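Okay, structure first, notes after.
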Amino acid sequence: MGAKADKVMDVCLRAGEIMLTYGAETYRVEETIERMARAAGFTNVHCFSTTTGIFLSFEEEKGNGDLMQMVRVDDRMQDLNKVTEVNQVSREFTAGDITVQEAERRLEEIYAAKIQYPMWLIHLGAGVAGGGFSYLFGGGLFDFIPAFLAAMISSFTLVTIEGYLRVRFASEIAAAFAGSSSAIALVALGLGTNVDQIIIGSLMPLVPGVPLTNAVRDLLSGDLLAGMSRGVEALLTSLSIASGVALAISIFI
């Protein structure tokens with residue numbers, strides 16, 4: 001593989017890896033990688049992406065055969081800001097505004113960048129969402145504060161457990177248990193009256209909205225394998241949340 005082909009392959013796979021890791025749909029990952037590879041002058045470009053890996057092949061010179069590499073994607077998080085930044089790099093590279101080296105540098109900066117918002121603001125936003133949804137689902141105004149606190153506890157537990165325990169779905173079970181237990185305890189202390197609506201509000205930060213939406217979009221775009229795998233992931237996350245709530249209710253009610 002030539003030096004240029006090697007560099008372009010690395011840049012394309014890095015762009016796809018960032019997008020797939022932080023919540024992009026698989027069909028969008030494939031389209032982005034293929035556009036970048038064709039913009040670099042390569043032909044016979046083919047990309048196949050699943051939720052856990054990306055395969056890319058293209059032809060460097062006519063008659064020399066196809067070159068192929070793959071990258072494994074183990075972690076999946078939600079940060080659509082990074083997806084947007086990678087899309088911008090892809091547009092500029094495809095338009096010829098930046099070189100391969102510049103695209104590589106910017107992609108590495110995006111990959112290494114920390115999350116855009118501080119964690120306290122994320123937990124605060126989760127609390128506001130939890131309190132708001134508890135009211136929308138039939139709770140009273142006095143249920144907003146306990147739902148706010150329980151949702152913040154759920155969000156904090158989710159992030160903390162994910163940082164220490166690298167087991168899929170364990171953090172969702174723990175977070176759902178912590179949020180539901182907090183909701184039950186707050187109602188028992190006299191803060192709030194509708195325990196069901198407060199528990200619902202505490203679970204809102206855990207709902208797998210992005211994976212479920214991506215599953216539907218992948219299925220509609222014809223990526224059946226990726227859509228089904230994302231759907232199963234969303235289903236397992238939902239079952240984990242339900243298990244944590246059921247455990248809390250069975251112990252404390």
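This structure is a prediction, so every number in the text was calculated from the model and none was measured.
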To the nearest 0.5 angstrom, please state how far the [atom1] atom of [X] sits from the [atom2] atom of [Y].
X: T50; Y: L20; atom1: OG1; atom2: CG; result: 7.0 Å
X: E108; Y: D10; atom1: CD; atom2: CG; result: 9.0 Å
X: E34; Y: T94; atom1: CD; atom2: OG1; result: 11.5 Å
X: F55; Y: L13; atom1: CZ; atom2: CG; result: 10.5 Å
X: M19; Y: T32; atom1: CE; atom2: OG1; result: 3.5 Å
X: L219; Y: D223; atom1: CG; atom2: CG; result: 8.5 Å

Whether the side chain of [X] engages the backbone of [Y] through a donor-acceptor N/O pair (distance < 3.5 Å, no angle test) should be reported.
X: S155; Y: M152; result: no
X: N214; Y: G23; result: yes
X: S250; Y: L247; result: yes
X: K82; Y: A113; result: yes

Which residue pairs satisfy the side chain to side chain donor-acceptor pair (under 3.5 Å) criterion with at least one member in residues 175-184, sequence neighbours excluded? none
side-chain hydrogen bond (donor to acceptor under 3.5 Å, both in side chains) with [X]: which residues, sequence neighbours excluded?
X: R28; answer: E25
X: Q78; answer: none
X: N44; answer: H46, D66

Where do [X] and [Y] come nearest, in terms of heavy atoms and distance?
X: A37; Y: V8; value: CA-CG1, 4.5 Å
X: A248; Y: I184; value: O-CD1, 4.0 Å
X: A147; Y: S134; value: CB-OG, 3.4 Å
X: E17; Y: V71; value: OE1-CG2, 3.9 Å
X: E30; Y: S49; value: OE2-N, 2.8 Å
X: L56; Y: C12; value: CD2-CB, 3.7 Å

Qualifying salt bridge (charged side-chain N to carboxylate O under 4.0 Å, His left out) pairs, either residue in residues 83-92, two or more places apart: E92-R106
Does anything in residues 228-247 form a salt bridge (charged side-chain N to carboxylate O under 4.0 Å, His left out)? List the pairs, not counting sequence neighbours. R76-E233, R168-E233, D218-R230
Same hydrophobic cluster for [X] and [Y], using side-chain heavy-atom links shorter than 4.5 Å among ILVMFWY?
X: I18; Y: V73; result: yes
X: L212; Y: L235; result: no
X: I110; Y: I98; result: yes
X: V100; Y: I33; result: yes
X: I173; Y: I249; result: no

Run E31 and T26 through side chain to side chain contact (heavy atoms under 4.5 Å, CB included) and show every step you take. CA-CA 9 Å; E31 289 179 357; T26 54; over 6 Å; no
Considering residues, nucleotides and ligands other than M70, do more than 12 of their heavy atoms fall under 6.0 Å from its CE? yes
Pairs involving residues 82-118, ordered by first then second residue, that meet ring pair (Phe, Tyr, Trp, His ring centres under 6.0 Å) (sequence neighbours left out): none
Qualifying ring pair (Phe, Tyr, Trp, His ring centres under 6.0 Å) pairs, either residue in residues 120-159, two or more places apart: H123-F156
So M9 and L67, side chain to side chain contact (heavy atoms under 4.5 Å, CB included) or not? Walk me through it. CA-CA 9 Å; M9 182 76 75; L67 309 173; 4.3 Å; yes
Please tabulate, one pair per line, all N/O donor-acceptor pairs under 3.5 Å involving side-chain atoms of residues 187-210, not counting sequence neighbours.
unit_1, atom_1, unit_2, atom_2, d
N194, ND2, D143, OD2, 2.7
S202, OG, I199, O, 2.6

Quick one: are [X] and [Y] in side-chain contact, heavy atoms under 4.5 Å?
X: T237; Y: P211; answer: no
X: T52; Y: D74; answer: no
X: R38; Y: F58; answer: no

So, using ring-ring contact (aromatic ring centres under 6.0 Å, His included) as the criterion, who are the partners of F177 when residues are at least two apart? none
Is the shortest side-chain N to carboxylate O distance from E104 to R14 below 4.0 Å? no
Under the rule for side-chain contact (heavy atoms from CB on, under 4.5 Å), what residues qualify as partners of L220, not counting sequence neighbours? V216
Those residues at least two apart in sequence (or on a different chain) that pass salt bridge (Lys or Arg N to Asp or Glu O under 4.0 Å) with E172 are none
